[in-house]
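Throughout, protein chains are lettered first and strands after them, A, B, ... in sequence-line order, and every chain is numbered starting at 1.
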Amino acid sequence: MKLKTRLAVAVCKASGAVLRRLGRGGTNLPGKLALKIDKNILGELSRGVKVTVVTGTNGKTTTSRMIEQAFADAGLKYFSNKSGANLLTGIIAVFAQHCTLSGKCPYTHALIECDEAAFRKTSEFLPVECLVVNNIFRDQLDRYGEITHTLNAIREGITHVPDATLCLNADCSLTASLAQKIPNKVLWFGVNVPIYENAAHELSDAPYCIHCKTEYQYDYITYGHLGGFRCPKCGYHRREPDVAVTKILGAGADSSDIELSICGHMHEVHVNLPGGYNIYNAAAAAAVSHVVGIDEETAVSALGQFECGFGRAEQFTLGKAQARMMLVKNPAGFNQVINLIAHDKGTCKLAFLLNDRFADGTDISWIWDVDFETLAGQEARFTRILVSGVRADDMALRLKYAGFTSDRIEVIREYDALLEQVGTDETPAFLMPTYTAMFDLRGEIAKHTDVKAFYE
Amino acid sequence: MELNICHLYPDILNLYGDRGNIITMKRRLEARGIKVNIEECSIGQSIDIDKHDIFFIGGGQDFEQEVLLRDLAAGKGRDICTAVEEGKVFLAICGGYQMLGQYYKTWDGNQLDFIGAINIHTIGAKERMIGNYMYRTTPESGGSIVVGFENHSGKTYLGEDVAPLGMVLKGYGNNGEDQTEGARYKNVFATYSHGSLLPKNPALCDFILHTALARKYDGAEPLTPLDDTLENRAHDYMEERLRHG
């Protein structure tokens with residue numbers, strides 16, 4: 001091991017330890033310092049490790065937790081970037097943390113969630129065995145730009161890892177286009193049937209063919225632009241998935257049951273989180289298990305066992321009420337949460353928390369593309385309609401124009417007061433924060449209950 | 001009374017929550033007992049100039065631009081020009097604004113010809129003009145303060161016969177150079193502001209709606225005030241933040 005690599009590891013470990021000591025989740029600084037000392041540090045540290053990378057717009061964290069459960073159950077010696085530090089510097093820090101001081105990595109596998117835009121750079125250094133691309137949706141236009149930029153960043157990243165097997169979403173016309181003109185093996189996953197009877201009204205993020213710009217035709221749509229697409233002009237079409245959800249057996253407020261075919265072998269699968277998007281995540285995770293060589297029974301049972309947390313349908317007891325925290329980041333993801341709430345027929349409280357800090361996206365115009373109208377149509381079911389966050393006023397206005405009664409929309413700026421209101425009676429609540437609001441809200445909840453910090 | 005609104009290319013030009021502008025116009029008209037009909041008009045469909053009072057065009061991605069230009073060249077561009085000259089009300093945002101102009105020249109010199117309904121042109125810059133911003137509309141457009149979010153790399157310059165919609169108070173506006181923002185020509189209102197534009201800028205929304213009503217119903221009465229508590233809160237929050245930020 002080169003001296004500079006050793007030095008970089010030492011600096012990275014030490015600065016990381018100091019930051020954790022200070023109770024800070026500052027996960028980018030140590031990696032930044034290490035990168036300054038040795039620009040190939042990630043290549044050095046990951047040598048010989050079989051790396052699985054999860055990228056795509058929505059579902060990276062949840063899919064990673066599902067895969068992680070399978071890795072753990074299969075007894076693999078692995079580590080992962082659990083903290084959600086998914087940029088190059090954060091990934092470096094995680095590798096350094098799991099190496100010895102001499103820079104040797106004692107693990108056989110690494111499970112890395114990677115930001116879509118950061119994948120282009122990160123993949124230059126990592127020996128990727130398996131790459132999952134969940135989906136590509138419109139997300140944070142102020143940061144990522146157009147949807148095709150995201151797609152091209154991933155496409156370029158793939159050219160660095162020709163030996164990796166790709167697990168691609170067959171139902172996403174954008175993601176599926178990544179399979180063209182590359183030497184990589186591809187394992188397709190997808191959902192063969194519609195998920196919801198009455199899904200939220202959504203704009204398609206990809207109505208026109210990626211190749212010839214003709215409008216797609218669909219045999220069925222699961223959500224957003226996902227489904228059985230085909231181009232009537234150039235013939236580009238959905239591939240039959242190798243890992244396929246063939247039937248939705250039940251979709252409840254806490255979990256889903258599905259019939260899953262893994263390369264022709266049928267399984268009944270319990271997915272330990274609700275929502276159509278998590279059905280996709282489960283299929284993606286099963287595909288990874290197949291690639292990595294985990295037996296199907298272990299892969300399937302992991303999907304019913306895993307826990308996610310960090311605002312992904314995370315459950316809390318707040319005062320007298322049970323609350324579920326559903327992180328919302330973009331129209332596609334938010335509409336999925338709305339589908340979930342709309343299909344849960346009981347009474348509940350709603351809390352919307354909208355921030356516009358960098359990690360949330362500074363442009364909040366996307367809330368106008370979310371189908372709040374579907375919820376407004378069920379207003380009588382909601383005992384409280386609470387709004388908070390930096391841009392609470394814009395959120396309140398959005399709800400008014402969706403058709404909610406203005407007088408019933410309560411803006412509560414302080415999180416402690418908001419949580420108190422949620423807990424005043426036993427009616428369950430759905431908390432829907434954007435990214436930084438989720439962290440702040442979890443921090444506030446942690447003052448009263450036992451919630452893990454995000455770097456633990 | 002009744003207004004017919006035509007939403008142009010809603011499936012392509014819908015990048016920045018532009019749907020919010022349609023929802024807002026509809027709600028604010030209906031609150032005053034004015035009937036609203038909204039029709040969508042996209043690729044391959046022709047527009048009915050006589051029928052519609054307001055045309056709305058949003059912003060889009062570069063990816064679909066080719067599809068759009070082909071469709072405009074097939075006749076719709078000419079129809080839009082006619083409607084503009086007849087004094088129909090247009091609200092055009094961002095990409096839709098640029099598209100009404102003469103051309104777009106990329107920073108490396110490629111020129112895309114647009115429909116030329118208004119005498120403006122846009123030059124691509126390497127750096128994006130992006131962020132929350134604020135401008136005051138000219139007295140001819142009501143003189144209100146508009147807050148919104150801009151995200152464009154094109155610098156737009158106004159030609160003869162075209163006035164700005166307003167003057168920038170914070171942010172870039174048309175080009176980051178001359179303080180102008182947006183464009184007015186006849187009854188065209190064009191701006192870079194999304195956010196969505198109209199929900200939290202009710203004064204501008206009502207000015208546009210009144211312009212359409214006054215054209216259709218000779219000398220329409222001023223619109224009755226609405227309860228804009230939530231609208232003004234969202235507006236004032238951003239105005240304050242921009243003034244002190």
Fill in: Taking every non-hydrogen atom, the tightest pair across A:T362 and B:N132
O-ND2, 4.4 Å
Practice prompt. Work out which heavy atom in A:L397 is nearest to a heavy atom in B:A234; give both atom names and the distance.
Written response: CD2-CB, 4.0 Å
Discussion item. Under 4.5 Å from any heavy atom of chain B, what part of A:V387 do you find: side chain, backbone, both or neither?
Written reply: neither
Item to complete: Identify which part of A:I210 has an atom lying under 4.5 Å from any heavy atom of chain B, answering side chain, backbone, both or neither.
Response: both
Item to complete: Could you tell me whether the side chain of B:I23 reaches within less than 4.5 Å of the side chain of A:E373, counting heavy atoms only?
Response: yes
Worksheet entry | side-chain contact (heavy atoms from CB on, under 4.5 Å) between A:D394 and B:K200, worked out | CA-CA 8 Å; A:D394 283 83; B:K200 59 174 175 280; 2.8 Å; yes
Side chain, backbone, both or neither: which part of [X] has an atom under 4.5 Å from a heavy atom of chain A?
{"X": "B:D227", "value": "backbone"}
{"X": "B:L15", "value": "both"}
{"X": "B:F149", "value": "side chain"}

Quick one about [Y] and [X] (side-chain donor to acceptor, distance below 3.5 Å, no hydrogens or angles considered), yes or no?
{"X": "B:E231", "Y": "A:Y401", "answer": "yes"}
{"X": "B:H194", "Y": "A:D363", "answer": "yes"}
{"X": "B:D11", "Y": "A:Y208", "answer": "yes"}

Item to complete: Indicate yes or no for a side-chain donor-acceptor contact from B:R19 to the backbone of A:W368 under 3.5 Å, with no hydrogens or angles considered.
Response: yes
Worksheet item: Any donor-acceptor pair under 3.5 Å linking the side chain of B:R27 with the backbone of A:K400?
Response: yes
Which one wins on heavy-atom pair count under 4.5 Å against chain A: [options]?
{"options": "B:R128, B:K26, B:R233, B:H235", "answer": "B:R233"}
{"options": "B:N14, B:L197, B:I12", "answer": "B:N14"}
{"options": "B:G131, B:G20, B:P10", "answer": "B:G20"}

Would one find more than 12 heavy atoms of other residues, nucleotides or ligands at under 6.0 Å from atom [atom1] of [X]?
{"X": "B:E66", "atom1": "CD", "result": "no"}
{"X": "A:K121", "atom1": "NZ", "result": "no"}
{"X": "B:E127", "atom1": "CD", "result": "no"}

Item to complete: Apply side-chain contact (heavy atoms from CB on, under 4.5 Å) to the pair A:R391 and B:R241, showing each step before the final yes or no.
Response: CA-CA 11 Å; A:R391 300 298 295 271; B:R241 187 165 129 178; 3.8 Å; yes
